[in-house]
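What you see below is based on every heavy atom in this structure, not just the backbone, and it leaves out hydrogens, waters and symmetry mates.
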Amino acid sequence: RIRAAIDTLRSQRFATAEGLPSRSDHLNFAFPDCATALAAFRARLPEMRALVAAVGIAELEIENHYDEARHDRFFEQFSTERLGPGDFALFPSYLVCIEELDAAQRAAVCDILEAGIPFKIVAQSTDILGDLTPDGGQLSFGKRGQHLARMALGLNDVFVLQAPNAFLYRLRDRVLQAVSVPQPALISVYAGPDYLVSAAACEARAFSCFVYDPTAGKAADNGLADRFSLDGNPQRDRDWPRYRLTYGGDGHAREGLDTAFTV
């Protein structure tokens, strides 16, 4: 039993550690789409089960607490179906980077987040306006781009960060937090054709910055307010940011106008 546990610990492919032999077949944890990442996750479940069992046996043996009458049967019946969030936290996170979010990818992201699989998903959109034709008297400005993040908010236990790429640097601490939490995480990014368009999307509230941290505060009382942050948005205390526009009037006179920056 002890030799088998040691062999499993030495031959695992999930992480490197001091004292372990280097391996050329270490597993990759970065994927371009949800389907590939999910297939890899499922294929690795038997190896994960074996490693979790080996760690459990090793911890019991180190403390001299292994009781064959109790623990032999437990580890014999320990199957992949019994792996839980605490077990998954022992392994590296799966990073899924979707370069262009379409309807099929959006549905796959929703399925993974709803299942509670602790993937870290970066979903990039280049079209946030969608269909500009009136729908029931309402224009759909920004509806397509923000739909995924809003859906994830309804799951309550998913870390959600939304921002255009022009604002990611100012939210860098939150980005690092998103890829470090044990829960599933979604980073929804608008990548405009250039920096100015990306920044303008946030200025005009077409693709606002927000962060939802399910670990902050409690669900009761003022918990939701503690979990939700609008940091990063220009003049977030106003409906629309307002700026002084200066221009040349009649006779080249310098004129000024306070105007809102809207969609």
Could you report the tightest heavy-atom contact between [X] and [Y], atom names first, then the distance?
X: R227; Y: N156; result: NH1-O, 4.2 Å
X: V181; Y: A185; result: CG2-CB, 4.3 Å
X: D226; Y: A216; result: O-CB, 3.8 Å
X: C202; Y: P234; result: SG-CD, 4.0 Å
X: V122; Y: V189; result: CG1-CG2, 4.4 Å
X: V96; Y: A37; result: CG2-CB, 3.6 Å

Do [X] and [Y] have side chains that get closer than 4.5 Å, going by heavy atoms?
X: V55; Y: I57; answer: no
X: L230; Y: S208; answer: no
X: R205; Y: V263; answer: no
X: Q77; Y: R82; answer: yes
X: F88; Y: P182; answer: no
X: E114; Y: L155; answer: yes
X: C209; Y: L171; answer: yes
X: L186; Y: L161; answer: no

[atom1] of [X] to [atom2] of [Y]: how many Å apart, nearest 0.5 Å?
X: L113; Y: M151; atom1: CG; atom2: CE; result: 5.5 Å
X: H26; Y: Q12; atom1: NE2; atom2: CD; result: 6.0 Å
X: F31; Y: C97; atom1: CZ; atom2: SG; result: 11.0 Å
X: K120; Y: S180; atom1: NZ; atom2: OG; result: 8.0 Å
X: Q162; Y: L148; atom1: CD; atom2: CG; result: 9.0 Å
X: L60; Y: H65; atom1: CG; atom2: NE2; result: 8.5 Å

Note to self: Ring centres under 6.0 Å, that's the criterion: do F210 and F228 meet it?
What the structure shows: yes
Checklist line | Sub-6.0 Å ring centroid separation between F29 and F119 | finding: no
When clusters are formed by joining ILVMFWY residues with side-chain heavy atoms under 4.5 Å apart, either directly or through shared neighbours, do [X] and [Y] land in the same one?
X: Y190; Y: V211; value: no
X: V52; Y: I6; value: no
X: I112; Y: M48; value: yes
X: L45; Y: F14; value: yes
X: V158; Y: V179; value: no

Next item on the list: Hey, can you tell me if F78 and F75 have their rings parallel, tilted or perpendicular (30° and 60° cut-offs)?
Entry: perpendicular
Next item on the list: Establish, for the pair R242 and F261, whether the NZ or CZ atom is under 6.0 angstrom from the six-membered ring centre and no further than 45 degrees off its axis.
Entry: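 No.
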Next item on the list: Apply the test side chain to side chain contact (heavy atoms under 4.5 Å, CB included) to residues L51 and F91: give CA-CA distance (whole Å), side-chain angles for both, the deciding distance (0.1 Å), then the verdict.
Entry: CA-CA 10 Å; L51 184 54; F91 296 87; 3.6 Å; yes
Verify the neighbour count for atom [atom1] of [X]: are there more than 12 heavy atoms of other residues, nucleotides or ligands below 6.0 Å?
X: D250; atom1: CG; value: no
X: Y169; atom1: OH; value: no
X: R254; atom1: CZ; value: no
X: R13; atom1: CZ; value: yes
X: E99; atom1: CD; value: no

Could you tell me whether the side chains of [X] and [Y] share a donor-acceptor contact shorter than 3.5 Å?
X: S125; Y: E100; result: no
X: D72; Y: Y66; result: yes
X: Q105; Y: D33; result: no

Note to self: Is there a side chain to side chain contact (heavy atoms under 4.5 Å, CB included) between Q235 and E203? Walk through the geometry before answering.
What the structure shows: CA-CA 9 Å; Q235 303 180 34; E203 290 269 2; 5.9 Å; no
Check: Is a side-chain N or O of S198 found less than 3.5 angstrom from the main chain of A166, in a donor-acceptor match?
Finding: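 Here the side-chain-to-backbone pair exists.
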Margin query: Determine whether I117 and F41 satisfy the following criterion, side chain to side chain contact (heavy atoms under 4.5 Å, CB included), listing intermediate values before the conclusion.
Written below: CA-CA 9 Å; I117 302 174; F41 176 80; 4.1 Å; yes
Next item on the list: Take I187 and I121 through the side chain to side chain contact (heavy atoms under 4.5 Å, CB included) test and state the conclusion after the steps.
Entry: CA-CA 6 Å; I187 302 176; I121 302 175; over 6 Å; no
Next item on the list: Decide salt bridge (charged side-chain N to carboxylate O under 4.0 Å, His left out) for D231 and R236; before the verdict, give the C-alpha distance in whole Å, the side-chain angles of both, and the deciding distance to 0.1 Å.
Entry: CA-CA 8 Å; D231 290 345; R236 60 178 183 170; 2.5 Å; yes
Next item on the list: For residues 86-95, pull every pair meeting side-chain hydrogen bond (donor to acceptor under 3.5 Å, both in side chains), keeping only residues two or more places apart or in separate chains.
Entry: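 Sorted pair list: R44-Y94.
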Checklist line | Electrostatic pair R244:D258 at N-O distance under 4.0 angstrom | finding: yes
